[in-house]
Amino acid sequence: MKILFVTPEANHWASARLRAAWPARYIEGAEIKQIIELEDCSTYDACIFIKVFPLDDFEAIQLNRVKQIWWDVCDPAWWWNPKDCRIIVDRVSGIVASNQKLANDFTKWSGRKTHVIPDRIELDHYPIQKKHDHPAD
(Lines give C-alpha, C1' and ligand atoms only; values in the text may rest on other atoms or scores of the structure.)
Protein backbone atom coordinates (compact mmCIF):
# COMPACT_ATOMS: atom_id res chain seq x y z
CA MET A 1 0.00 0.00 0.00
CA LYS A 2 1.35 3.41 -0.97
CA ILE A 3 0.54 6.08 1.64
CA LEU A 4 1.24 9.80 1.48
CA PHE A 5 1.33 12.00 4.55
CA VAL A 6 0.77 15.64 3.57
CA THR A 7 2.09 18.27 5.96
CA PRO A 8 1.68 22.05 6.08
CA GLU A 9 4.24 24.28 4.40
CA ALA A 10 6.18 24.57 7.65
CA ASN A 11 7.67 21.13 8.33
CA HIS A 12 9.34 22.42 11.47
CA TRP A 13 5.93 22.49 13.19
CA ALA A 14 5.60 19.85 15.88
CA SER A 15 2.42 18.51 14.27
CA ALA A 16 4.37 17.66 11.10
CA ARG A 17 6.69 15.47 13.17
CA LEU A 18 4.16 14.05 15.65
CA ARG A 19 1.41 13.30 13.13
CA ALA A 20 3.36 12.48 9.95
CA ALA A 21 7.15 12.17 9.95
CA TRP A 22 7.51 9.91 12.94
CA PRO A 23 4.58 7.54 12.18
CA ALA A 24 5.65 7.30 8.52
CA ARG A 25 9.01 5.85 9.58
CA TYR A 26 7.21 2.70 10.68
CA ILE A 27 4.78 2.30 7.80
CA GLU A 28 6.15 0.48 4.78
CA GLY A 29 5.60 2.45 1.61
CA ALA A 30 4.79 5.71 3.39
CA GLU A 31 6.03 9.03 2.05
CA ILE A 32 5.82 12.60 3.31
CA LYS A 33 5.34 15.75 1.25
CA GLN A 34 4.56 19.33 2.07
CA ILE A 35 1.27 20.55 0.65
CA ILE A 36 3.10 22.93 -1.69
CA GLU A 37 4.84 19.92 -3.28
CA LEU A 38 1.63 18.16 -4.37
CA GLU A 39 1.17 17.69 -8.09
CA ASP A 40 -0.55 14.33 -8.61
CA CYS A 41 -1.90 12.16 -5.82
CA SER A 42 -3.48 9.52 -8.05
CA THR A 43 -0.59 7.08 -7.56
CA TYR A 44 -1.29 6.75 -3.82
CA ASP A 45 -3.71 4.36 -2.16
CA ALA A 46 -4.23 6.73 0.76
CA CYS A 47 -3.49 10.35 1.56
CA ILE A 48 -3.44 11.66 5.11
CA PHE A 49 -3.60 15.44 5.41
CA ILE A 50 -2.17 16.93 8.58
CA LYS A 51 -4.12 20.13 9.35
CA VAL A 52 -4.30 21.51 5.81
CA PHE A 53 -6.51 20.28 3.00
CA PRO A 54 -6.23 21.38 -0.66
CA LEU A 55 -9.84 22.26 -1.48
CA ASP A 56 -8.87 24.60 -4.31
CA ASP A 57 -6.63 21.97 -5.93
CA PHE A 58 -8.75 18.86 -5.24
CA GLU A 59 -9.30 17.92 -8.89
CA ALA A 60 -5.99 19.31 -10.19
CA ILE A 61 -3.96 16.95 -7.99
CA GLN A 62 -6.39 14.12 -8.76
CA LEU A 63 -7.45 13.48 -5.18
CA ASN A 64 -10.74 12.18 -6.54
CA ARG A 65 -8.75 9.13 -7.78
CA VAL A 66 -7.27 8.27 -4.35
CA LYS A 67 -8.97 5.30 -2.64
CA GLN A 68 -8.80 6.77 0.87
CA ILE A 69 -8.40 10.37 1.98
CA TRP A 70 -7.97 11.08 5.68
CA TRP A 71 -7.98 14.45 7.41
CA ASP A 72 -5.98 14.71 10.62
CA VAL A 73 -7.58 17.55 12.56
CA CYS A 74 -4.72 18.67 14.83
CA ASP A 75 -6.43 21.99 15.55
CA PRO A 76 -10.11 22.94 15.84
CA ALA A 77 -10.23 24.60 12.40
CA TRP A 78 -14.03 24.18 12.31
CA TRP A 79 -14.27 26.87 15.01
CA TRP A 80 -12.95 29.61 12.72
CA ASN A 81 -13.60 28.19 9.24
CA PRO A 82 -16.77 26.06 9.43
CA LYS A 83 -17.75 26.58 5.77
CA ASP A 84 -14.56 25.09 4.28
CA CYS A 85 -14.38 22.41 6.96
CA ARG A 86 -17.90 21.26 6.05
CA ILE A 87 -16.80 20.85 2.41
CA ILE A 88 -13.73 18.89 3.51
CA VAL A 89 -15.82 16.59 5.73
CA ASP A 90 -17.91 15.64 2.70
CA ARG A 91 -14.83 14.73 0.62
CA VAL A 92 -12.82 12.56 3.01
CA SER A 93 -12.97 8.87 3.88
CA GLY A 94 -12.38 9.56 7.54
CA ILE A 95 -11.16 11.92 10.22
CA VAL A 96 -8.41 11.43 12.78
CA ALA A 97 -7.71 13.48 15.91
CA SER A 98 -4.86 13.38 18.40
CA ASN A 99 -7.00 13.16 21.54
CA GLN A 100 -10.50 12.21 22.63
CA LYS A 101 -11.72 15.70 23.56
CA LEU A 102 -10.78 17.08 20.14
CA ALA A 103 -12.43 14.06 18.49
CA ASN A 104 -15.59 14.52 20.56
CA ASP A 105 -15.83 18.20 19.64
CA PHE A 106 -15.32 17.47 15.95
CA THR A 107 -17.87 14.63 15.96
CA LYS A 108 -20.41 16.83 17.74
CA TRP A 109 -19.89 19.57 15.14
CA SER A 110 -19.65 17.40 12.01
CA GLY A 111 -21.74 14.35 12.79
CA ARG A 112 -18.85 12.18 11.51
CA LYS A 113 -17.10 9.53 13.58
CA THR A 114 -13.60 10.69 14.45
CA HIS A 115 -10.86 8.15 15.16
CA VAL A 116 -8.28 8.92 17.85
CA ILE A 117 -4.62 8.22 17.16
CA PRO A 118 -2.39 9.77 19.85
CA ASP A 119 0.71 11.70 18.86
CA ARG A 120 3.75 9.56 18.15
CA ILE A 121 7.02 10.71 19.68
CA GLU A 122 10.40 9.63 18.33
CA LEU A 123 12.56 9.71 21.44
CA ASP A 124 15.79 9.79 19.43
CA HIS A 125 14.82 13.30 18.35
CA TYR A 126 15.42 14.53 21.89
CA PRO A 127 19.07 14.37 22.97
CA ILE A 128 19.81 13.11 26.46
CA GLN A 129 20.53 16.00 28.77
CA LYS A 130 23.38 15.85 31.25
CA LYS A 131 21.95 15.53 34.73
CA HIS A 132 22.68 18.43 37.09
CA ASP A 133 22.24 18.20 40.86
CA HIS A 134 22.48 21.32 42.96
CA PRO A 135 20.60 22.93 45.86
CA ALA A 136 17.49 24.86 44.93
CA ASP A 137 14.97 27.04 46.73
Side-chain angles (χ1 to χ4, degrees):
M1 181 174 226
K2 198 170 173 192
I3 299 170
L4 177 64
F5 285 89
V6 181
T7 64
E9 293 179 33
N11 266 346
H12 64 278
W13 291 355
S15 56
R17 291 189 307 273
L18 295 167
R19 310 297 298 165
W22 293 340
R25 287 183 185 174
Y26 301 96
I27 300 172
E28 188 177 336
E31 295 177 32
I32 303 169
K33 288 186 180 180
Q34 291 178 325
I35 193 149
I36 55 174
E37 299 174 305
L38 293 185
E39 292 179 8
D40 182 0
C41 293
S42 65
T43 61
Y44 295 94
D45 298 304
C47 289
I48 303 157
F49 290 88
I50 312 302
K51 291 188 181 200
V52 294
F53 194 87
L55 273 179
D56 295 339
D57 301 322
F58 192 86
E59 274 84 25
I61 60 173
Q62 299 191 35
L63 264 176
N64 51 336
R65 294 181 57 200
V66 177
K67 291 176 188 167
Q68 291 188 34
I69 304 168
W70 289 81
W71 186 30
D72 192 320
V73 291
C74 300
D75 301 315
W78 55 97
W79 290 359
W80 54 84
N81 192 353
K83 181 182 172 221
D84 285 347
C85 289
R86 176 64 57 198
I87 295 168
I88 294 169
V89 166
D90 293 338
R91 292 184 176 221
V92 298
S93 309
I95 296 103
V96 176
S98 60
N99 63 70
Q100 193 61 56
K101 293 207 182 262
L102 190 63
N104 291 348
D105 189 75
F106 188 83
T107 297
K108 183 178 178 183
W109 173 80
S110 70
R112 291 277 308 264
K113 179 172 173 50
T114 306
H115 302 275
V116 176
I117 299 177
D119 290 340
R120 298 297 184 234
I121 296 175
E122 188 66 56
L123 295 177
D124 291 343
H125 178 77
Y126 302 97
I128 296 175
Q129 301 293 318
K130 185 175 180 180
K131 185 176 179 181
H132 297 277
D133 291 312
H134 58 278
D137 293 338

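As a basis for the values below, the full set of heavy atoms in this structure was taken, side chains included, without hydrogen atoms, waters or symmetry mates. On a predicted model such as this, the values are computed, not experimentally measured, just so you know.
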Treating Ile, Leu, Val, Met, Phe, Trp and Tyr as nodes and any side-chain heavy-atom pair under 4.5 angstrom as an edge, say whether [X] and [Y] lie in one connected cluster.
X: Ile69; Y: Ile50; value: no
X: Ile48; Y: Leu55; value: no
X: Ile3; Y: Val6; value: no
X: Ile88; Y: Val52; value: yes

Interatomic distance, [X] atom [atom1] to [Y] atom [atom2] [nearest 0.5 angstrom]:
X: Leu4; Y: Leu38; atom1: CG; atom2: CG; result: 6.0 Å
X: Cys47; Y: Glu31; atom1: SG; atom2: CD; result: 10.0 Å
X: Ile32; Y: Ile27; atom1: CD1; atom2: CD1; result: 9.5 Å
X: Trp71; Y: Phe106; atom1: CH2; atom2: CZ; result: 5.0 Å

Tell me, please, which residues at least two apart from [X] pass salt bridge (Lys or Arg N to Asp or Glu O under 4.0 Å).
X: Asp40; result: none
X: Lys2; result: none
X: Asp57; result: none

Task: Taking every non-hydrogen atom, the tightest pair across Gly94 and Trp70 - done: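 In terms of heavy atoms, the two residues are closest at C-CE3, 3.2 Å.
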
Task: Nearest heavy atoms of Pro8 and Gln34, plus distance in Å - done: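 Shortest heavy-atom contact: O-CG, 3.7 Å.
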
- [ ] Check side chain to side chain contact (heavy atoms under 4.5 Å, CB included) between Arg112 and all other residues, then give those that pass, not counting sequence neighbours.
- [x]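 In terms of side chain to side chain contact (heavy atoms under 4.5 Å, CB included), with neighbours along the sequence ignored, Arg112 is linked to Val89, Val92, Ile95, Ser110.
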
Task: Which residues share a side chain to side chain contact (heavy atoms under 4.5 Å, CB included) with Ala97, sequence neighbours left out - done: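 Ala97: side chain to side chain contact (heavy atoms under 4.5 Å, CB included) contacts with Val73, Leu102, Ala103, Thr114.
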
- [ ] Could you name each residue pair satisfying side chain to side chain donor-acceptor pair (under 3.5 Å) that touches residues 88-100, not counting sequence neighbours?
- [x]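 For residues 88-100, and leaving out neighbouring residues, the side chain to side chain donor-acceptor pair (under 3.5 Å) pairs sorted by first residue read Gln100-Asn104.
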
- [ ] Given side-chain contact (heavy atoms from CB on, under 4.5 Å), test Gln62 with Tyr44 step by step and report yes or no.
- [x] CA-CA 10 Å; Gln62 299 191 35; Tyr44 295 94; over 6 Å; no

Open item on the list: Set out, in order, the CA-CA distance, both residues' side-chain angles and the distance that settles side-chain contact (heavy atoms from CB on, under 4.5 Å) for Lys113 and His115, then state yes or no.
Closed with: CA-CA 7 Å; Lys113 179 172 173 50; His115 302 275; 3.7 Å; yes

Open item on the list: Strictly by salt bridge (Lys or Arg N to Asp or Glu O under 4.0 Å), give each pair with a member in residues 75-86 just once, sequence neighbours left out.
Closed with: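 Sorted result for residues 75-86: Lys51-Asp75.
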
Any side-chain heavy-atom pair of [X] and [Y] under 4.5 Å:
X: Val96; Y: Arg19; value: yes
X: Pro23; Y: Arg25; value: no
X: Leu63; Y: Pro54; value: yes

Open item on the list: Check this for me: Glu28, atom CD, are more than 12 non-hydrogen atoms of other residues, nucleotides or ligands nearer than 6.0 Å?
Closed with: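 Check fails, neighbour count at 12 or below.
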
Only counting residues at least two apart or in another chain, list the ones meeting side chain to side chain donor-acceptor pair (under 3.5 Å) with [X].
X: Trp22; result: none
X: Trp80; result: none
X: Asp105; result: Trp78, Trp79

- [ ] Go through the steps for Trp109 and Cys85 under the test side-chain contact (heavy atoms from CB on, under 4.5 Å), then give the verdict.
- [x] CA-CA 10 Å; Trp109 173 80; Cys85 289; 3.6 Å; yes

- [ ] List for me each residue that meets ring-ring contact (aromatic ring centres under 6.0 Å, His included) alongside Phe49, sequence neighbours excluded, and say none if there are none.
- [x]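 Checked Phe49 against ring-ring contact (aromatic ring centres under 6.0 Å, His included); matches are Phe53.
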
